[in-house]
Trainee: 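Here it is, the structure in full.
Predicted model only: the values in this text are computed from it and were never measured. The chain is numbered in sequence order, starting from 1. Start at 1 and go down the list; that is how both ligands and their atoms are numbered.
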Amino acid sequence: MATEQESGDDGRPAELDSLELAPDEGWNALYVDGDWRPQGDREDLDVVDPTARDAVGTVPAGTEEDVDEAYAVADAAQPEWAEVAPEERAAVVASARELVETYHEDFARLFAVECGGSRLKAEIELDLTKGTMAVAEDLADSFETEEREAIVDGKRNLLFREPTGVIGVISPWNFPLYLSMRAVAPAIALGNSVVLKPSTHTSLVGGLALARLFDEAGLPEGVLNVVTGRGSDIGEAVAGHSTPSVISFTGSTEVGREVGAVAAEQLSLPALELGGNNAHIVTAEADLDRAIDGGVFGSFTHQGQECISINRHIVHESHYDEYVERLAERAESLPVGDPRGDDEVLVGPVQNESQYESIVDLLEQSVEQGARIEAGGDHYDWFVEPTVLSNVDNDMPVAEEEHFGPIAPVIPYEDEQEAIAMANDTEYGLSGSVHCEDVERALDIARRLETGMVHVNDQPLNDDPGVAFGGVGASGIGRYNAEWIMEEFTETRWVSVQDEPREYPY
Ligand code: NAD
């Protein structure tokens, strides 16, 4: 289980000492206008290692003045960057992508230290990060002028795509490098400039690491600026600033609503990727082996801390007892422990204290209301053992709310309508999955789920940088990835040419 890690003279874990990613000044700096701005008289923010529950470093708590300056710098740098040839912009993103490869092991260690992530999680996140960067490189060069027929004789309608300008990016702590990069890479490739505010819980891997990558890749000064700081101090300044044309936010629905409101006040486009309450439906015609394999992966990967993790298993009554028993056996067999050096560990600590307390609270309330613990249930020092709950109904706190933890509540159903109604009985609509050997039937169920994404004979934890990602309802507005992010990060301009003299009515 969680053990104290060996540390150097300065109290930092050995991993951080050897981190080549660290800028010369250490991590304790903001990145504005291509400069590492040392902390100065700004407050400290601890960088916490969740396994040791201890600070391993600090970063500056950026201020509203820092945000103003970052936006001013981004605004000044953007027009020139937009003039750079698309293939040159793509080449900078490609160099940064190659650096992700070069620093693979540093990132894997950093994910373990700052996120409590397993080796498996690091590999998944690094693949997605490189994937989203590669897709962004292709986007840079995909601006094609389109011509549309005109209703006026002798006119040509031309449609140009231009970068939208400055983009504010606010990211969460669960997959921080990837979730920052999926906005930053296409924004930059498409000729925009960026102000990035990472989560307070992952200032390094969600923020300053991206600054280091693009700095080393030769991105011109001011195109990417990173301001670390608390959401409660500077979040509104970032989201409600008058400069950006888009606010790209990934995080909770609660904060997303506030971000959307202050962005809209400035007429900035809010692109919001928010929470989920994803159902894994196992029908009577499911292949139970596949449904359970998917159920384990979708519930327990990275301690269930993904917006697209399984929040509820909705299982046909004919399979219920066997499903619960086998899921519980699998949960008990998962290696839980310190991920900072043991690549076999699959379940590490919860990333932060408030998240840990929230999971434990939802679990305890549900058990009080009659949920039965079939596996796990123990929790200590920010660790929650992989937990399977039976006797759950859809109104219990673990099922009704996004628990965001390594908990698998299993709910029985009798008929298909009931399963669909239960799955849809949530304000969220992000991802989901359906297991049924009759694929046509599975597709029919999938189409009736009110979500942005559904995966047949798989589980909800899927992202593919080439395919539209996003939710409906309280799960957000807009789509990430490929041409869908291009809609948000570029403006379409209509220019018409009247080739023949036009006949006006008077
Ligand atoms: P959070 O909403 O607490 O924080 C997200 C970001 O918002 C952080 O950078 C935070 O500092 C900042 N913030 C906090 N208060 C703010 C304010 N008033 N104004 C502006 N910014 C503010 O979310 P979290 O705890 O970091 O992440 C977990 C949540 O994110 C879960 O609900 C999860 O489902 C969601 N999420 C969604 C997706 C998706 O793609 N849909 C992906 C990952 C996580």
Side-chain angles (χ1 to χ4, degrees), residues 45 59 61-62 64 67 115 125 128 132 168-183 195-203 205-207 226-241 244 247-263 265 268 270-278 302-311 350-359 362 401-405 426-431 451-453 460-465 468-481 484-485:
L45 277 183
V59 295
E64 289 189 15
V67 173
C115 309
E125 184 159 2
L128 284 169
T132 201
V169 178
I170 302 177
S171 60
W173 49 262
N174 58 338
F175 271 62
L177 178 70
Y178 170 57
L179 294 174
S180 294
M181 192 63 89
R182 75 174 178 180
V195 173
L196 166 65
K197 192 209 88 61
S199 167
T200 325
H201 300 295
T202 46
S203 302
V205 78
V226 179
V227 181
T228 52
R230 291 189 195 89
S232 51
D233 293 344
I234 59 166
E236 194 174 330
V238 177
H241 204 275
I247 295 296
S248 176
F249 173 86
T250 304
S252 63
T253 297
E254 190 188 352
V255 175
R257 285 186 206 279
E258 291 174 32
V259 164
V262 296
E265 182 75 20
S268 310
L272 306 173
E273 291 292 342
L274 311 177
N277 181 346
N278 313 300
H302 197 38
Q303 295 77 269
Q305 302 171 118
E306 296 100 3
C307 53
I308 47 178
S309 296
I310 299 174
N311 207 67
V350 171
Q351 202 275 339
N352 59 74
E353 186 168 21
S354 65
Q355 184 54 32
Y356 171 72
E357 284 171 356
S358 155
I359 296 169
L362 293 174
E401 294 185 36
E402 182 188 37
H403 57 66
F404 223 59
T426 165
E427 64 168 344
Y428 297 110
L430 193 56
S431 189
T451 61
M453 304 171 284
L461 180 55
N462 274 279
D463 192 353
D464 182 332
F469 183 103
V472 300
S475 290
I477 302 175
R479 292 290 178 272
Y480 271 93
N481 297 343
W484 297 275
I485 194 80

Trainee: Heavy atom under 4.0 Å from ligand 1: found in Cys307's side chain, backbone, both, or neither?
Mentor: both
Trainee: Report yes or no: does Pro198 have a heavy atom closer than 4.0 Å to ligand 1?
Mentor: yes
Trainee: Please report the shortest heavy-atom distance between Ser309 and Gly304, naming the atom on each side.
Mentor: OG-O, 3.2 Å
Trainee: Under 4.0 Å from a heavy atom of Phe404: give me the atoms of ligand 1 that qualify, with their elements.
Mentor: 28 (C), 31 (C), 33 (C), 34 (O)
Trainee: Could you tell me whether the side chains of Ser248 and Arg182 share a donor-acceptor contact shorter than 3.5 Å?
Mentor: no
Trainee: Please check whether Asn174 reaches ligand 1 - meaning an N/O of the residue sits under 3.5 Å from an N/O of the ligand, judged on distance alone.
Mentor: no
Trainee: Determine whether the side chain, the backbone, both or neither of His201 has a heavy atom under 4.0 Å from any heavy atom of ligand 1.
Mentor: neither
Trainee: Above 12 or not: heavy atoms from other molecules or residues under 6.0 Å from CD of Glu357?
Mentor: yes
Trainee: Considering non-hydrogen atoms of the protein only, which is the closest contact for atom 14 (C) of ligand 1, and what is the distance?
Mentor: Gly231 CA, 3.6 Å
Trainee: Check step by step if side chain to side chain contact (heavy atoms under 4.5 Å, CB included) holds for Ile359 and Gln355.
Mentor: CA-CA 6 Å; Ile359 296 169; Gln355 184 54 32; 3.7 Å; yes
Trainee: Write down the atom of Gly429, the atom of Ser475, and the distance for their closest heavy-atom approach.
Mentor: N-OG, 2.9 Å
Trainee: Against heavy atoms of Val259, which atoms of ligand 1 measure under 4.0 Å?
Mentor: 19 (N), 20 (C)
Trainee: Side chains of Asn277 and Asn311: any donor to acceptor distance under 3.5 Å?
Mentor: yes
Trainee: Relative to the heavy atoms of Thr250, which atoms of ligand 1 are at a distance of less than 4.0 Å?
Mentor: 5 (C), 37 (C), 38 (C), 39 (C), 40 (O), 42 (C), 43 (C)
Trainee: Taking only heavy atoms of Gly235, which atoms of ligand 1 are found under 4.0 Å from at least one of them?
Mentor: 19 (N), 20 (C), 21 (N)
Trainee: So Gln305 and Phe175, side chain to side chain contact (heavy atoms under 4.5 Å, CB included) or not? Walk me through it.
Mentor: CA-CA 9 Å; Gln305 302 171 118; Phe175 271 62; over 6 Å; no
Trainee: Measure the NE2-CG distance between His403 and Leu362 for me, rounded to the nearest 0.5 Å.
Mentor: 8.5 Å
Trainee: What's the shortest distance from atom 27 (O) of ligand 1 to any protein heavy atom, and which residue and atom give it?
Mentor: Pro172 CB, 3.4 Å
Trainee: Is there a polar contact, in the sense of an N or O pair closer than 3.5 Å, between Leu430 and ligand 1?
Mentor: no
Trainee: What pair of heavy atoms forms the shortest contact from Gly207 to Leu196, and how long is it?
Mentor: CA-CD2, 3.9 Å
Trainee: Please check this pair: side chain of Thr202 against backbone of Val205, looking for a donor-acceptor N/O pair closer than 3.5 Å.
Mentor: no
Trainee: With heavy atoms of Glu236 as the reference, note each atom of ligand 1 found under 4.0 Å away.
Mentor: 19 (N)
Trainee: List the closest protein heavy-atom neighbour of atom 24 (P) of ligand 1: residue, atom name, distance to the nearest 0.1 Å.
Mentor: Trp173 NE1, 3.3 Å
Trainee: If the contact criterion is a heavy-atom separation under 4.0 Å, does Phe249 count as touching ligand 1?
Mentor: yes
Trainee: Compare every heavy atom of Ala474 with every heavy atom of Tyr428, then report the nearest pair and how far apart it is.
Mentor: CD2-O, 3.9 Å
Trainee: Look only at interatomic distance and state if Lys197 has a nitrogen or oxygen under 3.5 Å from any nitrogen or oxygen of ligand 1.
Mentor: yes
Trainee: So which protein heavy atom does atom 31 (C) of ligand 1 come closest to, and at what separation?
Mentor: Glu402 OE1, 3.5 Å
Trainee: For ligand 1 and Gly251, I'd like to know whether there is a polar contact (N/O to N/O, distance under 3.5 Å).
Mentor: yes
Trainee: Just to be sure I read this right, does ligand 1 sit under 4.0 Å from the backbone of Phe469, its side chain, both, or neither, counting only heavy atoms?
Mentor: side chain
Trainee: Going by distance only, is there an N or O of Glu306 that falls short of 3.5 Å from an N or O of ligand 1?
Mentor: no
Trainee: What I want to know is whether Ser475 and ligand 1 share at least one N or O pair that is separated by under 3.5 angstrom.
Mentor: no
Trainee: Near Glu254 CD, under 6.0 Å, is it more than 12 heavy atoms from other residues, nucleotides or ligands?
Mentor: no
Trainee: Scan the protein's non-hydrogen atoms and note whether one is under 4.0 Å from atom 21 (N) of ligand 1.
Mentor: yes
Trainee: Give me the nearest non-hydrogen protein atom to atom 2 (O) of ligand 1 as residue plus atom name, then the distance to 0.1 Å.
Mentor: Ser252 OG, 2.6 Å
Trainee: Considering only heavy atoms, does Gln305 approach ligand 1 within less than 4.0 Å through its side chain, its backbone, both, or neither?
Mentor: neither
Trainee: Find all atoms of ligand 1 within a distance of less than 4.0 Å from any non-hydrogen atom belonging to Ser199, and give their numbers and elements.
Mentor: 8 (C), 9 (O)
Trainee: Heavy atoms, side chains only, cut-off 4.5 Å: are Phe404 and Asn174 in contact?
Mentor: yes
Trainee: Set out, in order, the CA-CA distance, both residues' side-chain angles and the distance that settles side chain to side chain contact (heavy atoms under 4.5 Å, CB included) for Phe249 and Glu273, then state yes or no.
Mentor: CA-CA 6 Å; Phe249 173 86; Glu273 291 292 342; over 6 Å; no
Trainee: In the protein, what heavy atom is nearest to atom 16 (C) of ligand 1, and what distance, to one decimal place, separates them?
Mentor: Val255 CG1, 3.4 Å
Trainee: May I ask you to check whether Ser232 has an N/O atom sitting below 3.5 Å from an N/O atom of ligand 1?
Mentor: no
Trainee: Given that the side chain starts at C-beta and the backbone is N, CA, C, O, which of these parts of Tyr480 lies under 4.0 Å from ligand 1, counting heavy atoms, or is it both or neither?
Mentor: neither
Trainee: By number and element, which atoms of ligand 1 are closer than 4.0 Å to a non-hydrogen atom of Glu258?
Mentor: 18 (N)
Trainee: Check this for me - ligand 1, Arg230, N or O atoms closer than 3.5 angstrom, yes or no?
Mentor: no
Trainee: Less than 4.5 Å apart, any side-chain heavy atom of Pro176 and any of Cys115?
Mentor: yes
Trainee: Give the atom numbers and elements of ligand 1 that come within less than 4.0 Å of a heavy atom of Leu179.
Mentor: 42 (C), 43 (C)
Trainee: Is it true that Thr228 and Ser203 share a donor-acceptor pair across their side chains at a distance under 3.5 Å?
Mentor: no
Trainee: Specify the closest pair of heavy atoms between Leu45 and Gly229, including all atoms of both residues, with the distance to one decimal.
Mentor: CD1-CA, 3.7 Å
Trainee: Among all protein heavy atoms, pick out the one at the shortest distance from atom 40 (O) of ligand 1; state its residue, atom name and that distance to 0.1 Å.
Mentor: Arg182 NH2, 2.9 Å
Trainee: Distance to 0.1 Å, residue and atom name: give those for the protein heavy atom nearest to atom 8 (C) of ligand 1.
Mentor: Ser171 O, 3.3 Å
Trainee: Specify the closest pair of heavy atoms between Ser268 and Ile247, including all atoms of both residues, with the distance to one decimal.
Mentor: CB-CG1, 4.3 Å
